[in-house]
Amino acid sequence: GWELPELDPAVRMMSNMVTRMKLTGSGSESRIADMMIQGNTKGMVKGLRNMHQFPMEDSQISALSQKLLDTENANIRQMQAFL
């Protein structure tokens, strides 16, 4: 398997600070749902772009790509209830 590269500690700290600032105050469930939907939407756009850019000659890769898009879409539908 492969591992994600470790984030620079300064980048991690800034990311955590920004996230905490976005989640302070009332309506944090709604804010979390908004952030999740935005992330899932970006993932779907990137996945679709990749699917259209590269020919899917391998049926396993094509099936896995579609499963990822379906998962992103399901995540968006689940988060809508928290907006």
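The residues of the chain are indexed from 1 along the displayed sequence.
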Check the pair Asn75 / Ile37 against side-chain contact (heavy atoms from CB on, under 4.5 Å), numbers first and verdict last. CA-CA 7 Å; Asn75 289 343; Ile37 289 171; over 6 Å; no
Are the side chain of Ser65 and the backbone N or O of Ile61 linked by a donor-acceptor pair below 3.5 Å? yes
Going only through I, L, V, M, F, W and Y residues with side-chain contacts under 4.5 Å, is there a path from Ile76 to Leu68? no
Distance in Å, Gln80 CD paired with Met36 CE, rounded so as to fall on 0.5 Å steps: 13.0 Å
Separation of Leu83 CG from Ile32 CD1 (nearest 0.5 Å): 11.5 Å
Check whether more than 12 heavy atoms from other residues, nucleotides or ligands sit under 6.0 Å from atom CE of Met35, and answer yes or no. yes
Non-hydrogen side-chain atoms of Gln66 and Met51 separated by less than 4.5 Å: yes
Can you list every side chain to side chain donor-acceptor pair (under 3.5 Å) pair that touches residues 39-56, not counting sequence neighbours? Asn40-Glu72
Shortest non-hydrogen contact from Leu69 toward Met44: CD2-O, 3.7 Å
